Structures are given as C-alpha cells and as structure tokens.
Novice: 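To start, I am sharing the structure in question, which I have written as structure tokens.
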Amino acid sequence: MEGIATPAAEGLSQSAPAIQWYPGHIAKAERQLFSQLDKVDLVIEVRDARIPRATGHPRLQRWVKSKPRLLVINRRDMVNEAARQAWDHWLRARGETPWWCDAKVGTGVKQLQEAAIRAGEKLNARRAGRGMRPRPVRALMLGFPNVGKSALINRLVRQKVVDSARRAGVTRTLRWVRLGQALDLLDAPGVLPPRLDDQRSALLLALCDDIGQAAYDGEAVAVAFLRLLETLQIHPAAGISSSGVLGRYGVPVPSPIDGWSWLESAAARHTSGDTARMAQRLLDDFRRSLLGPIALELPPDPA
C-alpha cells in the first residue's frame with residue numbers, strides 16, 4: 001500500500017496555507033525540559049494515530065540520546081484497523097515497538113504501564129549490580145501539544161491529577177506525578193520544533209488541533225483539508241468516502257473538488273453564508289470523529 005507521499009500530496013504541500021508558530025510558553029517549556037533530562041531514566045513519546053509521522057519531534061533523538069524510549073500511538077480509536085495495522089507493520093519493520101492507546105477510555109494503558117515498569121526493573125537490576133538501592137523509574141511523557149499526554153497520565157494514575165483537554169497548550173509547566181512505588185511520571189508541556197519547513201506536516205498538525213488556532217487561517221486550512229481528503233480517498237486504509245465524510249452536509253462533492261466552492265455552498269446551507277463558521281464546523285466535526293475514523297497519514301513505503 002502506498003502512503004500519501006504522492007505527486008498529489010506533494011502538490012498539496014506546496015499549496016498548503018502558511019502556518020507559523022512557536023509561542024513563548026513552548027520555548028520556556030523546552031528550557032525547563034532540558035533542566036530535567038538528566039534526571040530521567042525513560043522517555044515515553046506520545047504521537048497522534050491520525051498523523052504518526054507529523055507528530056514525531058525531529059529533535060527527540062538528540063535530546064534523549066541513549067535513554068530507553070517507549071513509543072505510544074494515542075487516539076487509536078480515531079483511525080480504522082487497516083491504518084493501524086499498516087502503521088504497526090511499518091514501525092516494527094524499522095525496529096520500533098508501538099504501544100497503541102486510547103487514553104480517553106483506557107485502551108492499551110495497562111500494557112503501557114507494564115512496559116514502563118519492566119524498563120524500571122532493568123534499570124534497578126543495573127543499579128543493584130553497582131551496589132545501589134532500587135528506586136522508582138523516572139519517566140518523561142513527551143510529545144507535541146494536544147496528543148493526549150495528560151489524559152494518558154490520568155489514566156495511568158487512575159485519577160485526574162493533571163489538567164487535560166483536546167486543545168493545544170493546556171499543560172504549561174513540568175510536573176512530577178507518582179504512579180505507585182514503581183514509576184514517577186514527568187508531565188511536560190507539548191514541545192514543537194522552532195520551525196517546520198514542511199508545510200504539509202504543519203497542515204496536518206493544524207487539522208488535528210495539535211497547534212493553536214492563532215497559527216493558521218481556519219478557512220484556508222479547511223479548504224486544504226478537503227484537498228487532502230480527495231488525495232487520500234484512493235487509499236482504503238485512510239477510511240474516507242465522499243458520501244460518508246462530506247455527504248454529511250448535504251452538499252454535492254465535485255471531482256476534482258473545488259474546496260472554496262464547496263465551502264461557500266455548505267456555508268449557504270448551514271451557516272447563513274458564513275464561510276468561517278462553516279470551516280470551523282468542518283474542522284471540529286473531524287476532530288470529534290463525527291466524520292468517522294480518518295487516517296490523515298499512511299506509511300510512506302509499501303506496508
């Protein structure tokens with residue numbers, strides 16, 4: 001199966017709306033993060049199942065160096081089984097072991113906890129070999145904004161100990177949370193790269209609400225979303241059908257799609273001609289899975 005690294009997708013990247021960010025609280029969080037890295041034994045990297053590559057931080061390996069890492073793909077409920085299996089195969093073929101979770105309902109959380117505890121047992125075995133006492137493993141929960149880190153911590157601890165919401169920028173400071181006697185978790189604010197030259201990846205982050213709305217124009221992103229759906233529709237694993245996705249709004253979907261015309265027609269039907277409100281409705285419906293499970297990224301190589 002081919003991913004979305006196709007000429008159509010490349011064209012989308014070239015015509016994607018300009019998306020810029022790097023808010024001050026993220027820069028501050030990055031500085032705080034560096035001050036804690038030496039105290040961390042294990043990194044738990046959290047990504048969004050709809051966009052597993054776009055939510056991989058380009059600097060992560062440089063930061064964690066040789067520390068053990070668990071790769072969590074959260075929001076598994078928001079993509080279909082075919083997409084999950086394709087990504088699972090692709091990641092394992094490259095030496096990764098993905099832990100698929102849905103922090104909202106707790107799917108996969110127990111298995112992740114057990115994997116983190118096993119990593120701690122190995123750490124303490126090495127400490128014992130050097131004559132040191134065992135201690136809880138110190139794990140850093142790291143990822144882009146709004147990929148579900150705080151919700152995952154709350155599931156692991158089985159109570160609400162950190163604020164969680166499906167929008168970017170809820171966590172603003174680093175905080176340690178104890179999970180029993182075996183694991184200490186450090187909840188870190190979402191960390192974005194200072195810049196992202198690949199505007200297609202930036203678009204995917206905007207669509208999944210992994211960056212703040214101040215970074216982009218909602219109407220332009222909604223139109224780009226329509227073009228992306230058309231590009232992905234030929235891949236069954238993406239889970240897209242024109243009737244199931246856009247047919248929801250009762251507006252004919254032309255092929256090839258003219259995003260602005262569709263947005264104007266849908267706005268005339270649903271939002272009294274207000275295209276900005278219609279664009280926001282479309283994006284919100286996608287983010288709440290009202291359009292069904294949709295994978296915006298598929299593996300770039302045959303899987």
Side-chain angles (χ1 to χ4, degrees), residues 42-56 68-93 96-120 137 139-168 170-171 177-180 182-188 190 204-205 207-210 236-240 244 284-299 303:
L42 170 70
V43 173
I44 302 176
E45 181 191 3
V46 185
R47 301 190 192 181
D48 189 319
R50 296 166 295 178
I51 49 173
R53 294 189 82 197
T55 45
R69 178 179 66 98
L70 296 177
L71 174 60
V72 177
I73 312 294
N74 191 34
R75 298 192 175 137
R76 59 173 291 170
D77 61 305
M78 301 187 80
V79 299
N80 63 27
E81 185 64 15
R84 191 189 70 78
Q85 289 184 5
W87 276 112
D88 196 83
H89 178 85
W90 189 85
L91 289 165
R92 289 180 187 276
E96 297 274 15
T97 300
W99 299 91
W100 294 86
C101 293
D102 175 5
K104 184 172 66 174
V105 299
T107 306
V109 172
K110 182 179 179 181
Q111 291 84 350
L112 172 63
Q113 179 180 341
E114 291 170 349
I117 290 173
R118 285 196 299 271
V137 63
L140 168 64
M141 189 81 73
L142 185 65
F144 276 55
N146 197 33
V147 293
K149 301 180 300 297
S150 296
L152 197 57
I153 286 178
N154 289 337
R155 279 287 171 185
L156 286 165
V157 181
R158 297 182 182 177
Q159 59 179 308
K160 185 175 181 180
V161 293
V162 292
D163 290 333
S164 170
R166 282 201 170 178
R167 67 178 188 275
V170 173
T171 301
V177 178
R178 170 145 291 187
L179 179 58
L183 186 63
D184 287 340
L185 288 170
L186 178 59
D187 183 27
L204 297 178
L205 294 170
L207 288 171
C208 293
D209 213 15
D210 293 336
I240 298 166
D284 287 346
D285 284 353
F286 163 68
R287 293 162 180 167
R288 293 163 60 198
S289 287
L290 297 181
L291 305 182
I294 296 176
L296 296 185
E297 278 188 318
L298 295 173

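Quick caveat, the model's predicted, so the values are computed rather than measured. Only heavy atoms go into these numbers, but all of them, side chains included; no hydrogens, no water, no symmetry mates.
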Novice: For L91 and P98, which heavy atoms make the closest approach, and how far apart are they?
Specialist: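 Scanning both residues completely, I find the closest heavy atoms to be CD1-CB, 3.9 Å.
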Novice: CG/D77 to CZ/R84 distance, rounded to the nearest 0.5 angstrom?
Specialist: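 CZ of R84 is found 12.0 Å from CG of D77.
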Novice: Could you walk me through whether K149 and D187 pass side chain to side chain contact (heavy atoms under 4.5 Å, CB included), step by step?
Specialist: CA-CA 7 Å; K149 301 180 300 297; D187 183 27; 4.3 Å; yes
Novice: For L205 versus A54, what's the shortest heavy-atom pair and its separation?
Specialist: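 Of all heavy-atom pairs spanning L205 and A54, the closest is CD2-O, 3.8 Å.
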Novice: What is the minimum heavy-atom distance between N74 and A103, and which atoms define it?
Specialist: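 Answer, listing the atom of N74 first, then A103: OD1-N, 3.0 Å.
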Novice: List the steps and the verdict of salt bridge (Lys or Arg N to Asp or Glu O under 4.0 Å) for D284 and R288.
Specialist: CA-CA 6 Å; D284 287 346; R288 293 163 60 198; over 6 Å; no
Novice: Sub-3.5 Å donor-acceptor pair from the side chain of R53 to the main-chain atoms of P299, do we have one?
Specialist: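 Absent.
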Novice: Once you round to the nearest 0.5 Å, how far does CG of L70 lie from CZ of R118?
Specialist: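 Taking CG in L70 and CZ in R118, the distance rounds to 9.0 Å.
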Novice: Donor-acceptor pair, distance only, cut-off 3.5 Å: does the side chain of E96 make one with the backbone of L71?
Specialist: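 Checked: no pair found.
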Novice: K110 vs E114, test: side chain to side chain contact (heavy atoms under 4.5 Å, CB included). Steps then yes/no.
Specialist: CA-CA 6 Å; K110 182 179 179 181; E114 291 170 349; 3.3 Å; yes
Novice: Which value, rounded to the nearest 0.5 Å, describes the distance between D102 atom CG and I73 atom CD1?
Specialist: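 So the CG of D102 and the CD1 of I73 are separated by 13.5 Å.
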Novice: Could you walk me through whether L152 and V72 pass the side chain to side chain contact (heavy atoms under 4.5 Å, CB included) test, one step at a time?
Specialist: CA-CA 10 Å; L152 197 57; V72 177; 3.9 Å; yes
Novice: Within this structure, what is the CZ-CZ distance for the pair R50 and R287, rounded to the nearest 0.5 Å?
Specialist: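 Going from CZ on R50 over to CZ on R287, the span is 8.5 Å.
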Novice: L156 and M141: which non-hydrogen atoms are nearest, and at how many Å?
Specialist: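 Reported closest heavy-atom pair: CD1-CE, 3.9 Å.
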Novice: Hey, does the side chain of W87 reach the backbone of E297 with a donor-acceptor pair shorter than 3.5 angstrom?
Specialist: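 Judged by distance alone, yes, a pair lies under 3.5 Å.
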Novice: Between R47 and P52, is there a donor-acceptor pair closer than 3.5 Å when you use the side chain of the first and the backbone of the second?
Specialist: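 Yes: the side chain of R47 pairs with the backbone of P52.
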Novice: If you take all heavy atoms of N146 and C208, which pair is closest and at what distance?
Specialist: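 Looks like ND2-O, 3.8 Å.
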Novice: How close do A237 and L298 get, heavy atom to heavy atom, and via which atoms?
Specialist: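 Residues A237 and L298, closest heavy atoms: CB-CD2, 4.1 Å.
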Novice: Evaluate the criterion side chain to side chain contact (heavy atoms under 4.5 Å, CB included) for residue pair T55 and D210; output intermediate values, then yes/no.
Specialist: CA-CA 9 Å; T55 45; D210 293 336; 3.6 Å; yes
Novice: What do the steps show when you test D48 against R75 for salt bridge (Lys or Arg N to Asp or Glu O under 4.0 Å), and what is the final call?
Specialist: CA-CA 6 Å; D48 189 319; R75 298 192 175 137; 3.3 Å; yes
Novice: Looking at CG of L42 and CG of L186, how far apart are the two atoms once the value is rounded to the nearest 0.5 Å?
Specialist: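 Those atoms lie 11.5 Å apart.
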Novice: Is R92 close to T97 at the side-chain level, that is, under 4.5 Å between some pair of heavy atoms?
Specialist: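 Touching, per the 4.5 Å side-chain cut-off.
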